[in-house]
Amino acid sequence: MTRTPVNVTVTGAAGQIGYALLFRIASGHLLGADVPVKLRLLEIPQGLKAAEGTAMELDDCAFPLLRGIEITDDPNVAFDGANVALLVGARPRTKGMERGDLLEANGGIFKPQGKAINDHAADDIKVLVVGNPANTNALIAQAAAPDVPAERFTAMTRLDHNRAISQLARKTGVSVSDIKRLTIWGNHSATQYPDIFHAEVAGKNAAAVVNDEQWLADTFIPTVAKRGAAIIEARGASSAASAANAAIDHVHTWVNGTAVGDWTSMGIPSDGSYGVPEGIISSFPVTTKDGKYEIVQGLEINEFSRARIDASVQELVEERDAVRGLGLI
Ligand SMILES: NC(=O)C1=CN([C@@H]2O[C@H](COP(=O)(O)OP(=O)(O)OC[C@H]3O[C@@H](n4cnc5c(N)ncnc54)[C@H](O)[C@@H]3O)[C@@H](O)[C@H]2O)C=CC1
Ligand SMILES: O=C([O-])CC(=O)C(=O)O
């Protein structure tokens with residue numbers, strides 16, 4: 001049986017995450033080893049030539065699942081018929097730039113892209129925003145796409161989730177596959193809260209196994225939350241391969257489902273669960289099935305967690321209010 005190819009749009013395709021991401025999409029890691037894909041690469045005019053170079057390399061891999069590559073600087077073309085959109089390209093913070101300037105510059109990118117998705121994407125479009133500030137960029141894009149169900153706009157906290165799993169596995173001496181039910185709450189920023197109180201280490205409660213609140217507060221949480229900055233310091237460039245890997249994981253899990261007894265973390269529009277104001281794009285524990293996700297309900301939130309969730313959510317509320325003040329949503 002021949003399957004219709006899935007149209008996957010990647011913005012910022014010529015950037016460093018793009019370079020790590022495209023080959024894995026084309027080789028079947030995003031959607032599955034039996035799902036053909038067509039790639040649409042969106043870049044700004046200055047990035048088109050480099051994107052063409054990457055497309056030449058994709059050709060040279062002779063990936064059996066890759067059924068076409070189109071390169072454009074026009075969002076209306078890039079999102080036409082898109083089933084999956086990975087919004088990676090963003091305006092980085094440069095020296096002297098205030099947060100408001102950063103949000104405004106990114107509004108200039110994510111608002112038109114949201115509108116183009118609204119007007120041209122396929123009915124089943126799924127959007128992952130990677131470009132920072134990812135949660136609020138996702139909110140801007142979502143607000144510009146009133147005809148697309150809001151829940152199709154998500155922001156990436158899977159890299160934080162994976163980082164936290166790795167740190168916890170190392171601390172407890174187990175393999176990463178023995179860690180389950182970890183949660184990242186809030187914003188993809190230094191205020192995020194990696195929560196191990198409901199997590200499991202080889203079937204046992206992780207907080208009980210660790211039994212060290214000082215390690216949690218002074219080592220684990222800051223290590224995970226500041227890992228991006230530590231990578232920039234060490235590598236001289238921000239996380240790229242691990243970010244691309246997390247983007248693959250996020251979409252693969254969304255489309256193909258979480259394992260029984262486990263969950264993942266995704267930045268999604270809040271429905272008001274756990275006291276997170278409705279509408280802001282915040283990270284939650286979610287299960288996925290048949291291409292849909294649901295927030296894990298009924299978790300008891302202790303005082304330690306409550307304060308940290310609230311702090312990160314407060315930052316998201318401030319970012320939302322700032323972009324509202326700028327007329328971006
Ligand atoms: N959510 C997360 O966990 C993570 C997010 N990031 C963020 O991902 C973003 C991309 O990172 P890199 O690939 O390392 O950056 P990069 O600077 O190497 O590449 C960004 C690319 O986006 C392009 N671009 C800029 N504006 C665009 C537009 N309007 N349309 C299409 N393309 C556009 C640029 O030309 C450039 O090629 C950054 O915002 C970074 O902060 C990075 C790591 C983790
Ligand atoms: O700050 C950045 O660009 C990198 C980032 O988000 C991360 O590594 O988590």
Side-chain angles (χ1 to χ4, degrees), residues 9-22 40-55 71-79 85-94 97 99 102-117 127-138 140-141 144 154-164 166 184 186-192 194 222-251 265-268 281-283:
T9 302
V10 179
T11 77
Q16 50 153 3
I17 294 177
Y19 194 69
L21 184 59
L22 292 167
R40 299 271 177 69
L41 313 186
L42 180 68
E43 259 295 343
I44 50 176
Q46 308 88 290
L48 288 176
K49 189 151 182 262
E52 276 160 20
T54 305
I71 303 166
T72 178
D73 60 3
D74 181 350
N76 294 319
V77 174
F79 294 113
L86 303 172
L87 309 190
V88 179
R91 174 77 161 79
R93 190 195 289 259
T94 42
M97 207 175 189
R99 192 167 65 164
L102 182 71
L103 292 170
E104 191 162 21
N106 278 298
I109 296 174
F110 287 88
K111 197 171 173 179
Q113 290 184 1
K115 183 165 186 338
I117 288 169
V127 182
L128 167 63
V129 176
V130 175
N132 280 321
N135 300 54
T136 297
N137 287 340
I140 294 168
T154 67
M156 190 164 96
T157 53
R158 185 63 173 263
L159 179 54
D160 312 298
H161 181 94
N162 289 346
R163 286 166 171 165
S166 189
I184 303 294
N187 201 2
H188 172 68
S189 76
T191 67
Q192 67 175 269
T223 299
V224 174
K226 294 180 188 163
R227 187 72 165 181
I231 300 282
I232 292 171
E233 174 66 27
R235 224 171 74 81
S238 65
S239 315
S242 55
N245 178 67
I248 296 276
D249 283 353
H250 177 113
V251 174
S265 305
M266 286 170 71
I268 58 171
I281 299 201
S282 183
S283 188

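Heads up: numbering here begins at 1 and tracks the sequence. Since the structure is predicted, the reported quantities are computational estimates derived from the model, not experimental observations. Just so you know, ligand 1 is whichever comes first in the structure, and atom 1 is the first atom listed for that ligand.
In this structure, the side chains of Asp160 and Pro194 stay at 4.5 Å or more apart for every pair of heavy atoms.
Backbone and side-chain nitrogen or oxygen atoms of Thr11 are examined, and none is located within less than 3.5 angstrom of a nitrogen or oxygen of ligand 1. Between Ile17 and ligand 1, at least one N/O pair is under 3.5 Å apart. Annotation: Gln16 places an N or O atom under 3.5 Å from an N or O atom of ligand 1; distance criterion only. Taking only nitrogen or oxygen atoms, main chain and side chain alike, Asp160 does not reach within less than 3.5 Å of ligand 1. Checked against a 3.5 angstrom limit, the closest N/O atoms of Gly12 and ligand 1 fall inside it.
Looking only at protein heavy atoms, the nearest one to atom 6 (N) of ligand 1 is Asn132 ND2, 3.4 Å. Looking only at heavy atoms of the protein, atom 20 (C) of ligand 1 is closest to Gly15 CA, 4.1 Å. For atom 31 (C) of ligand 1, the closest heavy atom belonging to the protein is Leu42 O, 3.5 Å. When only non-hydrogen protein atoms are considered, atom 36 (C) of ligand 1 lies nearest to Glu43 OE2, 3.5 Å. With respect to atom 2 (C) of ligand 1, the closest heavy atom belonging to the protein is His188 NE2, 3.2 Å. Scanning the protein for heavy atoms near atom 29 (N) of ligand 1, the closest one is Ile109 CG2, 3.5 Å. Of the protein's non-hydrogen atoms, Ile44 CG2, 3.5 Å is the one closest to atom 27 (C) of ligand 1.
The line from OG of Ser283 to CE of Met266 is 9.0 Å long, rounded to the nearest 0.5 Å. Glu43 contributes atom CD, which lies 11.0 Å from atom OG1 of Thr72 (distance to the nearest 0.5 angstrom). Considering CD1 of Ile248 and CG of Leu86, their distance stands at 7.5 Å, rounded to 0.5 Å. Considering CD of Gln113 and CG of Leu87, their distance stands at 5.5 Å, rounded to 0.5 Å. Here CG of Leu42 is found 7.5 Å from CG of Asp73. Values are rounded to the nearest 0.5 Å.
No hydrogens or angles considered: a donor-acceptor pair under 3.5 Å links the side chains of Arg163 and Ser239.
Side-chain atoms of Asn76 never come within 3.5 Å of backbone atoms of Ala116 as a donor-acceptor pair (strictly under, hydrogens ignored). Not a single donor-acceptor pair under 3.5 Å links the side chain of Asn106 to the backbone N or O of Ala90. A donor-acceptor pair is defined here as one N or O able to donate and one able to accept, closer than 3.5 Å; such a pair exists between the side chain of Gln16 and the backbone of Ser238. Put simply, the side chain of Asn135 gets close to the backbone of Gly186: a donor and an acceptor are under 3.5 Å apart. Distance alone, capped at 3.5 Å, is enough to place a donor-acceptor pair between the Thr11 side chain and the Val88 backbone.
Near ligand 2, heavy-atom contacts under 4.0 Å come from Asn132, Arg163, His188, Gly228, Ser238, Ser239.
Within a 4.0 Å radius of atom 17 (O) of ligand 1, the protein has no heavy atom.
Contacts with ligand 1 closer than 4.0 Å are made by heavy atoms of both the backbone and the side chain of Val130.
Atom numbering of ligand 1 starts at 1 in the shown order; those under 4.0 Å from a heavy atom of Leu159 are 3 (O), 44 (C). Here is the list of ligand 1 atoms found below 4.0 Å of a heavy atom in Ser238: 14 (O). Within the listing of ligand 1, atoms 8 (O), 9 (C), 10 (C) sit less than 4.0 angstrom from a heavy atom of Val88. Under a 4.0 Å criterion applied to the non-hydrogen atoms of Ser239, ligand 1 contributes the atoms 43 (C). Near Ala243, meaning under 4.0 Å from one of its heavy atoms, ligand 1 places the atoms 43 (C), 44 (C). The Met156 neighbourhood of ligand 1 comprises atoms 1 (N), 2 (C), 3 (O), with distances under 4.0 Å to a heavy atom of that residue.
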Please evaluate residues Phe110 and Thr136 with respect to the criterion side chain to side chain contact (heavy atoms under 4.5 Å, CB included), reporting the C-alpha separation (whole Å), side-chain torsions for both, the decisive distance (0.1 Å), and the verdict. CA-CA 10 Å; Phe110 287 88; Thr136 297; over 6 Å; no
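The closest approach between Gly47 and ligand 1 stays at or above 4.0 Å for every heavy atom of the residue. Under the 4.0 angstrom criterion for non-hydrogen atoms, Ala14 is in contact with ligand 1.
Every residue was checked against the side chain to side chain donor-acceptor pair (under 3.5 Å) condition with Thr9, not counting sequence neighbours, and none meets it.
Considering all non-hydrogen atoms of both residues, Arg91 and Ala105 come closest at CG-CB, 3.5 Å. Of all heavy-atom pairs spanning Leu21 and Ala247, the tightest one is CD1-CB, 4.1 Å. The minimum heavy-atom distance between Ser265 and His161, with the atom names listed, is OG-ND1, 2.8 Å.
Nearest-heavy-atom check against atom 30 (N) of ligand 1 across Arg91, Arg158, Gln113 picks out Gln113.
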